[in-house]
Asker: 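Sharing a structure here in structure tokens format.
Sequence lines set the chain letters: A, B, ... in the order given, protein chains first and strands last, and positions in each chain run from 1. This one's a predicted model, so the numbers in the text were calculated from it and none came from an experiment.
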Number of protein chains: 2
Amino acid sequence: MQRVSLKFLAKELGIAEGTVSRALNDYPDISQATRERVKEVAKKFNYKANQNARRLATGVAEAVAYLMPPNTHAISEPFVSQLLEGLGSSLAKRGWDLLVVQASSPETEAETVEKLSSSGKVSGVVISRPYKEDRRIELLKKYNMPFIVHGRSVNSADYAWFDVDGEKAFHDGVGVLADLGHQRIAFIGAPTDYNFGQVRLDGYKRGLASNNLVLDNAIITITDMSDDAGEAATARMLDLPQPPTAILCATDTQAFGALAAIRANGLTPGIEVSVLGYDGLDFGKHTHPPLTTMAQPQSHSGEEICDMLLAIIDGGNPVDYQELRSAILVRRMSVGPPRPQ
Amino acid sequence: MQRVSLKFLAKELGIAEGTVSRALNDYPDISQATRERVKEVAKKFNYKANQNARRLATGVAEAVAYLMPPNTHAISEPFVSQLLEGLGSSLAKRGWDLLVVQASSPETEAETVEKLSSSGKVSGVVISRPYKEDRRIELLKKYNMPFIVHGRSVNSADYAWFDVDGEKAFHDGVGVLADLGHQRIAFIGAPTDYNFGQVRLDGYKRGLASNNLVLDNAIITITDMSDDAGEAATARMLDLPQPPTAILCATDTQAFGALAAIRANGLTPGIEVSVLGYDGLDFGKHTHPPLTTMAQPQSHSGEEICDMLLAIIDGGNPVDYQELRSAILVRRMSVGPPRPQ
DNA sequence: CGCTAGACCGAAAGCGCTTTCGGAATCAAC
DNA sequence: GTTGATTCCGAAAGCGCTTTCGGTCTAGCG
């Protein structure tokens with residue numbers, strides 16, 4: 001199979017290489033006639049420009065990278081999949097590529113970002129779930145690489161981001177529980193070196209204050225975002241002299257574990273102990289009982305993030321691209337009024 | 001920030017560009033001394049080769065693409081995430097890139113494959129969940145692009161693949177149900193234009209035969225792979241004059257829906273009606289009751305698939321890379337003996 | 001001390017495309 | 001019929017790297 005290049009087409013058409021290129025790229029200084037002739041022959045021979053050459057010549061990569069969250073198994077988390085899907089389809093429409101890159105280890109992360117920035121492979125990158133202080137963000141800024149973060153770090157004034165207001169969500173979350181009559185509301189949180197972990201904790205605390213509830217460290221557990229961790233944390237807190245009547249979880253997955261622990265204790269989630277999750281996973285419909293949760297409006301966030309990034313690549317000011325969304329409550333069966341004692 | 005190129009380094013070092021390149025790439029005709037000197041300066045200036053130039057010059061892309069399954073929302077399916085993660089980490093170790101590409105629409109799929117093959121962007125591709133007759137596979141063969149398919153099409157003799165034996169799994173699946181005493185075993189399947197859909201159906205039918213059970217089309221429903229579809233199918237079959245006592249589902253997600261339909265009918269899954277899923281999703285632990293399922297051994301399949309593909313890119317014969325795995329039964333609570341009538 | 005091998009490096013030719021620049025051809029207008 | 005403006009295209013110079021080829025220099029040998 002003869003590799004069909006510009007040169008080949010040019011020879012075939014009897015015109016210059018540069019002319020073929022300009023015709024294909026719709027330059028205005030090419031007559032309608034030759035433009036059509038060129039395109040026709042190109043299609044006939046199924047010509048596809050060599051992307052590497054094109055990128056080298058133009059200096060634009062027409063590709064963006066998604067930097068996987070640092071912890072392992074992150075991609076299996078639904079939010080990553082959702083995001084990737086949105087990015088992918090949005091990019092595909094413009095003919096751009098989506099690179100998904102994983103740092104092989106936390107140590108090589110900086111290296112990875114640097115390589116991404118200097119190697120010309122991509123014209124922009126999106127990262128998610130930043131730490132409070134995130135090295136990647138600093139690096140990206142330093143290298144002047146357009147980027148957008150899905151989430152925020154503590155200091156988010158000078159870059160583009162797309163985030164859901166976790167502080168508000170958790171503040172309001174204790175609100176719904178308190179309104180139901182709960183006085184002793186536990187919190188299962190995520191590691192606070194993640195900014196979202198910190199923020200959700202902050203929201204919880206502020207929610208307590210707003211409802212004149214006392215903060216009790218005994219019913220606050222910071223742990224990782226797995227169902228097993230949620231289960232262990234719940235089991236422990238249920239054994240307390242004064243167990244909580246409701247549990248607020250930083251992630252749905254933790255909440256799944258919480259439900260299991262409650263049942264294992266012979267109690268009924270939603271009746272004896274309420275559980276409120278966060279994420280809005282569809283799976284939550286199928287838990288026992290179905291999980292009440294605060295859903296991230298992530299339906300088209302991938303597309304939106306992509307659009308924002310593209311705008312920045314086109315020269316937009318990152319600061320103009322900061323979007324804050326609100327979570328919305330999905331009422332299912334795991335939250336109810338406290339049982340009268 | 002001065003773009004640091006080979007030329008820049010060469011000038012800095014006072015030696016020729018080509019020499020710098022050869023030093024960096026460990027050519028044997030460079031003295032130990034200059035090699036070290038070059039590498040040191042390269043590191044000092046944080047030199048990263050422009051990948052586009054490199055790829056253009058060498059003709060090798062050092063990247064592979066994952067072609068997303070054609071249906072929408074496919075990426076949210078756990079198997080895709082798992083695969084992507086394995087591919088990504090495996091590739092990262094070698095410094096290769098992972099492209100995830102989505103055809104913007106089914107019509108443009110062929111176009112997408114052709115572009116992938118001709119544009120020099122990648123040196124190999126992996127696709128999953130092929131149709132019985134899959135256009136992409138034909139195209140990939142035609143263009144002589146190294147590839148491996150996750151799954152198989154009907155005619156899988158002449159390319160590389162990695163698959164789980166769905167036929168056997170479903171044959172054995174009706175076996176475990178039959179051994180428990182079930183006589184009326186329903187099947188909720190996936191569209192049979194997907195090869196895996198066909199194969200699972202075939203396995204089910206053969207399982208019926210092996211256990212001297214009659215095949216009744218009334219309790220076979222081919223539908224799509226969502227929980228809602230599973231729920232609807234189950235609801236319908238439960239309303240039959242002779243409802244099934246057990247239901248075999250092509251995917252766990254359908255099984256989740258089946259559980260819901262059974263409960264909605266006032267019955268208890270695992271007691272009155274058994275449900276056996278397929279996929280081995282972790283989330284199945286949290287359904288009500290926990291889902292018994294046949295798990296795909298997908299822990300490191302991404303890595304394995306990557307290794308196989310790389311071997312083919314290195315000139316290996318695709319036919320030598322065909323791996324068939326077996327699903328394993330994960331016993332949870334949704335399967336039990338039929339209730340004596 | 002002259003000569004032949006290596007060892008090491010410089011020069012240059014691409015890789016396949018884009019894009020600028022200028023020249024030829026065409027056309028209108030005087 | 002000449003001029004000036006247009007239109008259209010060819011030529012050529014890169015983009016930043018790799019890789020071949022040949023030349024210089026040193027070392028080793030007789």
Asker: In whole Å, I'd like the distance from the CG atom of D26(A) to the P atom of dT19(C).
Answerer: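 Between P of dT19(C) and CG of D26(A): 13 Å.
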
Asker: Compare the minimum distances between each of dT18(C), dC9(D), dG16(C) and the side chain of N25(A), then state the nucleotide with the smallest one.
Answerer: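 So the side chain of N25(A) is nearest to dT18(C).
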
Asker: How many whole angstroms separate atom CZ of R37(A) from atom C1' of dC8(D)?
Answerer: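 Between C1' of dC8(D) and CZ of R37(A): 13 Å.
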
Asker: Strictly by modelled atom types, are N25(B) and R54(B) linked by a side-chain donor-acceptor pair under 3.5 Å?
Answerer: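 A donor-acceptor contact under 3.5 Å links the two side chains.
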
Asker: Using a cut-off of strictly less than 4.0 Å, decide whether S5(A) has a side-chain nitrogen or oxygen near OP1 or OP2 of dG16(C).
Answerer: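 Result: no.
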
Asker: Out of dG10(D), dC9(C), dC15(C), which nucleotide sits closest to the side chain of L56(B)?
Answerer: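 That would be dC15(C).
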
Asker: Rounded to whole angstroms, how far apart are CD1 on I15(A) and P on dT18(C)?
Answerer: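 Going from CD1 in I15(A) over to P in dT18(C) covers 14 Å.
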
Asker: Can you see if the side chain of N52(B) gets near the phosphate of dG16(D) - specifically, an N or O under 4.0 Å from OP1 or OP2?
Answerer: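 No, N52(B) has no side-chain N/O under 4.0 Å of OP1/OP2 on dG16(D).
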
Asker: Below the 4.0 Å mark, does dT18(D) have OP1 or OP2 next to a side-chain nitrogen or oxygen of T58(B)?
Answerer: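 No, T58(B) has no side-chain N/O under 4.0 Å of OP1/OP2 on dT18(D).
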
Asker: Under 4.0 Å between a side-chain N or O of S21(A) and OP1 or OP2 of dC17(C)?
Answerer: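 So the side-chain polar atoms of S21(A) never come under 4.0 Å of the phosphate oxygens OP1 or OP2 of dC17(C).
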
Asker: Looking at every strand, decide which applies to G59(B) at a 4.0 Å heavy-atom threshold: base, sugar-phosphate, or nothing.
Answerer: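 Answer is nothing: G59(B) stays at 4.0 Å or more from every strand.
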
Asker: Could you state the atom-to-atom distance from CG of N50(B) to P of dC15(C) in whole Å?
Answerer: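 Distance check: N50(B) CG to dC15(C) P gives 18 Å.
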
Asker: Nearest-Å distance, CZ (R54(B)) to C1' (dG16(D))?
Answerer: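 After rounding, the gap between these two atoms is 12 Å.
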
Asker: Could you tell me whether the phosphate oxygens of dC17(C), OP1 or OP2, come under 4.0 Å of any side-chain nitrogen or oxygen in Y47(A)?
Answerer: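 It does, given that an N or O in the side chain of Y47(A) lies less than 4.0 Å from OP1 or OP2 of dC17(C).
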
Asker: I'd like to know if R35(B) pairs up with D26(B) as an ion pair, taking the criterion as any Lys NZ or Arg NE/NH1/NH2 lying under 4.0 Å from an Asp or Glu carboxylate oxygen.
Answerer: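 The answer is yes: the pair qualifies as a salt bridge.
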
Asker: For K121(B), is there an ion pair with E62(B) - N to carboxylate O distance below 4.0 angstrom?
Answerer: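 No salt bridge links E62(B) with K121(B).
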
Asker: When the distance from NZ of K48(B) to C1' of dG16(D) is rounded to whole Å, what number comes out?
Answerer: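 It works out to 16 Å between those atoms.
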
Asker: Would you indicate what R55(A) reaches in the nucleic acid, counting non-hydrogen atoms under 4.0 angstrom: base, sugar-phosphate, or nothing?
Answerer: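 Result for R55(A) = nothing.
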
Asker: Could you give the CD1-to-C1' distance, from I30(A) to dC21(C), as a whole number of Å?
Answerer: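 Those two atoms, CD1 and C1', are 14 Å apart.
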
Asker: Measure up the F162(A) and H150(A) rings against each other and bin them: parallel (under 30°), tilted (30 to 60°), perpendicular (over 60°).
Answerer: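 Plane angle between 30° and 60°, so tilted.
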
Asker: Rounding to an integer number of Å, can you tell me how far R35(B) CZ sits from dC9(C) C1'?
Answerer: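 Rounded to the whole Å, the gap is 13 Å.
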
Asker: Does a nitrogen or oxygen in the side chain of S31(A) sit under 4.0 Å from OP1 or OP2 of dC9(D)?
Answerer: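 Looking at the OP1 and OP2 atoms of dC9(D), one of them is under 4.0 Å from a side-chain N or O of S31(A).
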
Asker: With heavy atoms under 4.0 Å as the rule, sort L6(A) into base, sugar-phosphate or nothing.
Answerer: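 The residue L6(A) makes base contact.
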
Asker: Taking OP1 and OP2 of dT7(D), is either one under 4.0 Å from a side-chain nitrogen or oxygen of Y27(A)?
Answerer: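 No, outside the criterion.
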
Asker: Nearest heavy atom decides the nucleotide; on that basis, is A53(A) or Q32(A) closer to the 5' end of DNA chain D?
Answerer: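 Residue closer to the 5' terminus by nearest nucleotide: Q32(A).
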
Asker: Which part of the nucleic acid, if any, lies within reach of D29(B) when heavy atoms closer than 4.0 Å are counted: base, sugar-phosphate only, or nothing?
Answerer: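 The answer is base, as D29(B) lies within the cut-off (heavy atoms under 4.0 Å) of a base atom.
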
Asker: Is the centre of the Y194(B) ring less than 6.0 Å from the centre of the F196(B) ring?
Answerer: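 For Y194(B) and F196(B), the ring centres are under 6.0 Å apart.
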
Asker: Indicate, with a heavy-atom threshold strictly under 4.0 Å, whether E17(A) touches base, sugar-phosphate, or nothing.
Answerer: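 Answer is base: heavy atoms of E17(A) come under 4.0 Å of a base.
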
Asker: Is there a donor-acceptor contact under 3.5 Å linking the side chains of Y47(A) and S5(A)?
Answerer: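 No.
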
